[in-house]
Amino acid sequence: MAPSRQDYGMKRAGAARSSSVMSLRRTVIPGSVRRSSAVLPSVLTFLVIVASGGLLLMIEKGMLNSMDTPPPRGAGRRLDVIRQAGKRSSAAGEAESQILQEIRNRTIRTMCSQKNMPHSIWSLTPPQRKTLLQHILVNDQYHFLYCYVPKVACSNWKRVLKVLSGALENVNVNIKMDHRSDLVFLSSLKPDEIRYRLKHYFKFMFVREPMERLLSAYRNKFGEIESYQKKYGVEIIKRYRKGRAKDAAVTGDDVTFAEFVRYLLDEDVEHMNEHWMPVYNLCQPCAVSYDFIGSYEYLESDAEFVLQRIGAPPFVHFPERQTWYKPVTTETLHYYLCTLPQKLLRELLPKYILDFSLFTYSLPNTTTEHCRH
C-alpha cells in the first residue's frame, strides 16, 4: 500500500508559510543512527560556511537583486523498501543519502528565507516563471509534478512518464526520445489549475554536481550533436578564436572547453540554453515547495523511492543506463577543470554558486598541488 501523504511532509500552521524538513529515514542497521548523528553537525557547519560565503559573493556581485524565491520544503522519510530485488544500496550509502537530504533541505530553507528571494512562482519575473513552468511535467493520474533538468537523467524520467500515461509500453522500448509529445507541461495549464497542482501534488526534481553537469553537456552537445555544433559551435569559434571571425569554413565541431566557458561567461544565466542553465533558474527551488530533491549520485535508489512514493505500478522501473552512455568520471572532470585557465574558472563559479550552495555541492579543488595528481 502506498505511504500516506502525512508521512512525507509537515503541516503548515495557519496562513504563515512554513518549511518542512525531510526526516531522516530510520534504519535497522546497528550503529548507523549514531554514525549519522556524529557526521551531521560537522557537515552542516561546513555547508553553512560554504553557503554563507556563496551568498556574500552573490550579494557583492549583485546576483540576488532581481531574484524572487521561497523556502524549500523537503519531502518526508525515504522508504526502507526498494522494490527491485538486488537494487538495495549499502547501509553506508543509504545513510549518506539520508544525511544529504536533511542537509540539503536545511540549507535551502535557510537561504530561501532571505527577503530578496522569491516566495512563490507568482513573485517570479515573467521570463523566470515561463522557464520554470516549461520545465515542470504533470501527471494527473498519479498526482505528481516533475521538474526536469537536462543532463540529470531527464530523458529516462520522461520515458517513465510516458509509460505511466500509456504512451509507451515500457521504459526499454527502443525509440528516439521525443521530448515534447505525450507529455503535459505545467505551462499549458491555466493559473487556477497550476495553483491547485502546486498545492496538492507531490513535487520532485533531481540535481547533479554543477561542473560535472556542465562538462557532460559540453561533451555531448559539441562532441556528438551536429545541430548544436552549427548553432552554438560556429558562433563560439568565430567569437573567441583568433582569426576565425569571418571564416566561412568553421563547422563548430572542435569547440574547446575553454572557449565554451568563455561563451558562458558572456551569457546571462536567465537566457542560457537549458542544457547549461543553472538548475536554480530552471526549477526555482525557493518558489516551489519540492517534496523531494533527488541526487544524480544516488540516482538508482532515489528514483526507486520516487516511484514507490507516487504509487507507480510494480512493473514500472527506472531505466538502466544505455550501454553507449559515456559517464563523466572524477578523473575526466579533474582533467578538464585543471587544464582550464584558473581565471576562467574563478569567473565561472559565481554563475553556478546557487547550485553549489543550495544543493550542497562543494566547490571544485583546482589548486596547483591538487591538479598535479
Side-chain angles (χ1 to χ4, degrees), residues 2-12 17-23 68-79 100-102 104-109 112 117-124 128-150 152-154 157-158 160-161 164-165 183-189 191-208 279-296 298-299 302-312 318 355 358-359:
S4 63
R5 189 179 191 82
Q6 62 203 42
D7 291 334
Y8 294 92
M10 299 175 64
K11 295 181 179 178
R12 292 176 176 159
R17 177 178 291 273
S18 65
S19 306
S20 55
V21 179
M22 180 171 295
S23 304
D68 282 4
T69 331
R73 280 54 63 166
R77 296 170 298 169
R78 296 177 42 140
L79 303 179
L100 177 60
Q101 286 294 332
E102 177 73 7
R104 182 171 287 155
N105 282 285
R106 292 187 183 189
T107 304
I108 294 177
R109 184 177 70 248
C112 289
M117 301 293 268
H119 294 87
S120 79
I121 70 166
W122 311 110
S123 61
L124 296 170
Q128 289 172 336
R129 185 163 57 248
K130 179 181 178 181
T131 295
L132 171 65
L133 296 181
Q134 288 178 339
H135 282 83
I136 295 183
L137 296 170
V138 182
N139 184 288
D140 287 325
Q141 180 179 354
Y142 294 92
H143 302 93
F144 70 83
L145 302 177
Y146 160 58
C147 185
Y148 78 87
V149 178
V152 190
C154 75
W157 271 115
K158 288 175 181 177
V160 170
L161 264 72
L164 290 175
S165 69
L183 295 170
V184 178
F185 294 81
L186 202 57
S187 57
S188 67
L189 304 182
D192 286 347
E193 296 173 326
I194 292 173
R195 287 188 179 92
Y196 178 85
R197 285 161 179 78
L198 286 171
K199 182 178 180 180
H200 296 287
Y201 282 20
F202 178 77
K203 300 171 288 295
F204 72 95
M205 58 181 288
F206 274 72
V207 298
R208 185 178 186 179
V279 175
Y280 174 87
N281 298 84
L282 290 172
C283 293
Q284 297 289 347
C286 290
V288 176
S289 304
Y290 289 99
D291 299 296
F292 184 76
I293 299 178
S295 302
Y296 189 81
Y298 298 97
L299 179 60
D302 282 357
E304 287 301 319
F305 161 72
V306 170
L307 289 174
Q308 179 151 348
R309 171 61 185 83
I310 64 176
F318 195 75
D355 285 2
L358 287 173
F359 306 126

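These numbers come from the heavy atoms of this one structure, side chains and all, not from hydrogens, waters or symmetry mates.
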To check you understand the geometry: which heavy-atom pair defines the closest contact between [X] and [Y], and what is its length?
X      : Y      : answer
Leu307 : Ile310 : O-CG1, 3.4 Å
Gln101 : Ile293 : NE2-O, 2.7 Å
Leu358 : Pro285 : CD1-CG, 4.1 Å
Pro150 : Leu282 : CD-CD1, 3.9 Å

Got a second to check how far [X]'s [atom1] is from [Y]'s [atom2], nearest 0.5 Å?
X      : Y      : atom1 : atom2 : value
Leu145 : Ile194 : CG    : CD1   : 10.0 Å
Leu132 : Tyr280 : CG    : OH    : 10.5 Å
Arg197 : Lys203 : CZ    : NZ    : 12.5 Å
Asp355 : Cys283 : CG    : SG    : 9.5 Å
Ser188 : Gln134 : OG    : CD    : 10.5 Å
Arg195 : Trp122 : CZ    : CH2   : 4.5 Å

His119 side chain vs Met117 backbone, donor-acceptor pair below 3.5 Å =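 Indeed, once roles are kept as given, a pair shorter than 3.5 Å links the two residues.
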
Please answer whether the main-chain N or O of Asn281 pairs with a side-chain N or O of Gln128 as donor and acceptor at a distance below 3.5 Å.
->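 Side chain of Gln128 to backbone of Asn281, a donor-acceptor pair under 3.5 Å: no, none is there.
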
Could I get the full list of side chain to side chain contact (heavy atoms under 4.5 Å, CB included) partners for Phe185, not counting sequence neighbours?
->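 Phe185: side chain to side chain contact (heavy atoms under 4.5 Å, CB included) contacts with Leu137, Tyr148, Arg180, Leu183, Ser187.
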
Do [X] and [Y] come close enough that some side-chain heavy atom pair is under 4.5 Å?
X      : Y      : result
Phe292 : Phe202 : yes
Leu189 : Tyr196 : no
Leu299 : Phe318 : yes
Ile121 : Val288 : yes

Does a salt bridge link Glu102 with Arg106, judged by any charged N lying under 4.0 Å from a carboxylate O?
->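 Salt bridge flag = yes for Arg106 with Glu102.
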
What residues form a ring-ring contact (aromatic ring centres under 6.0 Å, His included) with Tyr296, not counting sequence neighbours?
->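 For Tyr296 there are no ring-ring contact (aromatic ring centres under 6.0 Å, His included) partners, ignoring immediate neighbours.
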
Test applied, side chain to side chain contact (heavy atoms under 4.5 Å, CB included); reference residue, Phe144; option that passes from Leu161, Val138, Val306 |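 Among the candidates, only Leu161 passes.
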
Residue among Ile136, Leu133, Leu186 satisfying side chain to side chain contact (heavy atoms under 4.5 Å, CB included) with Cys147 |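 Output: one option passes, namely Ile136.
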
Donor-acceptor pair between Asp140 and Tyr201 side chains, under 3.5 angstrom |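 Side-chain D/A pair, Asp140 to Tyr201: present.
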
List the steps, then state whether side-chain contact (heavy atoms from CB on, under 4.5 Å) holds for Leu100 with Tyr298.
-> CA-CA 10 Å; Leu100 177 60; Tyr298 298 97; 3.9 Å; yes

Ring geometry between Phe204 and Phe206 (parallel below 30°, tilted from 30 to 60°, perpendicular above 60°) =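 It falls in the perpendicular class, over 60°.
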
Partners meeting side-chain hydrogen bond (donor to acceptor under 3.5 Å, both in side chains) with Ser295 (sequence neighbours left out) =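 Residues passing side-chain hydrogen bond (donor to acceptor under 3.5 Å, both in side chains) with Ser295: Arg104.
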
